[in-house]
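Quick caveat, the model's predicted, so the values are computed rather than measured. If you read the sequence from its start, that first residue is 1, and numbering goes on from there. Any value given below was found using the heavy atoms of this structure, including those in side chains, with hydrogens, waters and symmetry copies removed.
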Amino acid sequence: MIVAAITIETPETVNTVFGFFAKGGLFMWPLLACSIVSVTVMILRGLALRRNKVMPSLIENEIERLTPGESPERLSRIVHHDGSSLARIARVALQYLRSPRSENVEAVQTRARHEMVRLEKGLIILEVIVGIAPLLGLIGAVSGLVHVFAQLGLSSGGSDTRQIARGIAEALNATVFGLSIAVPTLVGFTYFSRKVEVMSVEMETLVVELINKCYYGRSSREFAPAKATGASSMPISTPVA
């Protein structure tokens with residue numbers, strides 16, 4: 001109903017848009033699909049990667065408030081009912097507090113890798129669109145040029161320069177459309193990738209701080225398995241009581 005109203009009020013604009021797609025050739029429609037997918041993915045990622053949804057301030061403040069050696073019971077209750085990435089990683093760290101430090105760190109790293117995959121979900125689609133949109137536009141332009149010159153070859157008499165220029169301009173519509181899709185998609189992909197990277201570093205810092213505080217003051221015997229296995233790759237320094 002809204003589309004019909006817009007069509008009635010602005011017939012010239014609608015005709016111009018449809019003319020642009022019609023003259024651009026068959027490859028304009030795959031490009032249109034790419035643009036719709038790109039916009040949809042960027043909107044969904046923008047909603048999913050909100051900071052308060054990934055790293056709630058309540059959990060951040062509770063980890064920072066926790067003093068070394070203090071019981072993390074309150075934090076455990078908070079993360080138990082929270083579905084954020086930081087809460088899931090902190091929940092694993094708290095579940096393995098009775099295990100040696102190395103086992104705890106290894107479990108946290110495994111959970112963190114799963115969370116990275118969840119946060120990066122959909123970014124591969126943006127990366128693919130960045131690559132194929134200009135190529136589809138180029139193929140559409142070449143296809144249009146082939147059609148233009150084929151028609152000139154079949155025509156009898158002298159060729160009209162204006163007709164050739166118009167045909168080439170219409171063939172380049174696909175290239176223009178492909179580049180106009182790839183550029184904003186590349187901006188969105190770079191922005192979201194950087195955002196995921198920054199938040200992952202911040203979550204790692206918070207969880208390292210949580211582990212250091214929870215293991216603070218424990219006997220050095222509890223860290224003997226960590227030296228034997230060498231399983232941890234996270235830069236966590238052994239606290240001194």
Side-chain angles (χ1 to χ4, degrees), residues 1-51 53-54 115-201:
M1 185 175 181
I2 297 176
V3 176
I6 295 175
T7 304
I8 294 173
E9 292 179 3
T10 57
E12 294 183 0
T13 304
V14 173
N15 291 335
T16 301
V17 172
F18 278 108
F20 177 79
F21 281 98
K23 294 174 183 178
L26 180 64
F27 289 93
M28 296 292 281
W29 303 108
L31 286 172
L32 179 61
C34 287
S35 66
I36 294 173
V37 172
S38 175
V39 171
T40 303
V41 171
M42 284 193 286
I43 292 175
L44 293 177
R45 285 295 86 198
L47 295 174
L49 294 178
R50 288 174 297 174
R51 182 179 179 85
K53 190 175 180 63
V54 179
E115 293 304 321
M116 282 292 295
V117 172
R118 291 171 65 99
L119 294 177
E120 292 176 347
K121 183 180 179 182
L123 296 186
I124 184 64
I125 298 176
L126 296 180
E127 187 176 10
V128 170
I129 292 176
V130 169
I132 67 173
L135 296 179
L136 285 174
L138 181 60
I139 294 174
V142 173
S143 176
L145 291 175
V146 169
H147 180 72
V148 169
F149 288 113
Q151 292 295 327
L152 290 175
L154 294 175
S155 63
S156 58
S159 59
D160 188 354
T161 305
R162 289 177 297 178
Q163 182 180 359
I164 296 175
R166 187 183 303 111
I168 293 175
E170 292 174 355
L172 293 176
N173 284 353
T175 302
V176 172
F177 191 34
L179 292 175
S180 66
I181 294 171
V183 171
T185 303
L186 177 60
V187 173
F189 171 75
T190 305
Y191 170 75
F192 289 124
S193 298
R194 178 61 179 170
K195 191 172 185 179
V196 169
E197 181 182 351
V198 170
M199 287 194 295
S200 66
V201 172

**Report entry** Stepwise side chain to side chain contact (heavy atoms under 4.5 Å, CB included) check, Leu119 with Ser200
**Finding:** CA-CA 9 Å; Leu119 294 177; Ser200 66; 5.6 Å; no
Report task. Write out all pairs satisfying side chain to side chain donor-acceptor pair (under 3.5 Å) with one or both partners inside residues 121-132, taking only residues at least two apart or from two chains. Result -> none
Query - Residue pairs fulfilling side chain to side chain donor-acceptor pair (under 3.5 Å) with at least one residue in residues 179-192, sequence neighbours excluded - result: Ser38-Thr185
Who are the side chain to side chain contact (heavy atoms under 4.5 Å, CB included) partners of [X], not counting sequence neighbours?
X: Val142; answer: Leu138, Val146
X: Ser35; answer: Leu32, Phe177, Ile181
X: Leu44; answer: Thr40
X: Pro134; answer: Leu179, Ala182

Which heavy atom of [X] sits nearest to which heavy atom of [Y], and what is that distance?
X: Leu47; Y: Lys53; answer: O-CD, 3.6 Å
X: Val54; Y: Ala48; answer: CG2-O, 3.7 Å
X: Leu49; Y: Met199; answer: O-CE, 3.8 Å
X: Val41; Y: Gly122; answer: CG1-O, 3.5 Å
X: Phe27; Y: Gly140; answer: CD1-CA, 3.7 Å

Query - Spatial distance of atom CD1 (Ile139) from atom OG1 (Thr175) [nearest 0.5 Å] - result: 10.0 Å
Query raised in the report: Atom SG in Cys34, atom CD1 in Ile132: separation rounded to 0.5 Å?
Result: 4.0 Å
**Report entry** Pairs meeting criterion salt bridge (Lys or Arg N to Asp or Glu O under 4.0 Å) with involvement of residues 172-201, two or more places apart
**Finding:** Arg194-Glu197
Query raised in the report: Residues in side-chain hydrogen bond (donor to acceptor under 3.5 Å, both in side chains) with Arg118, at least two apart?
Result: none
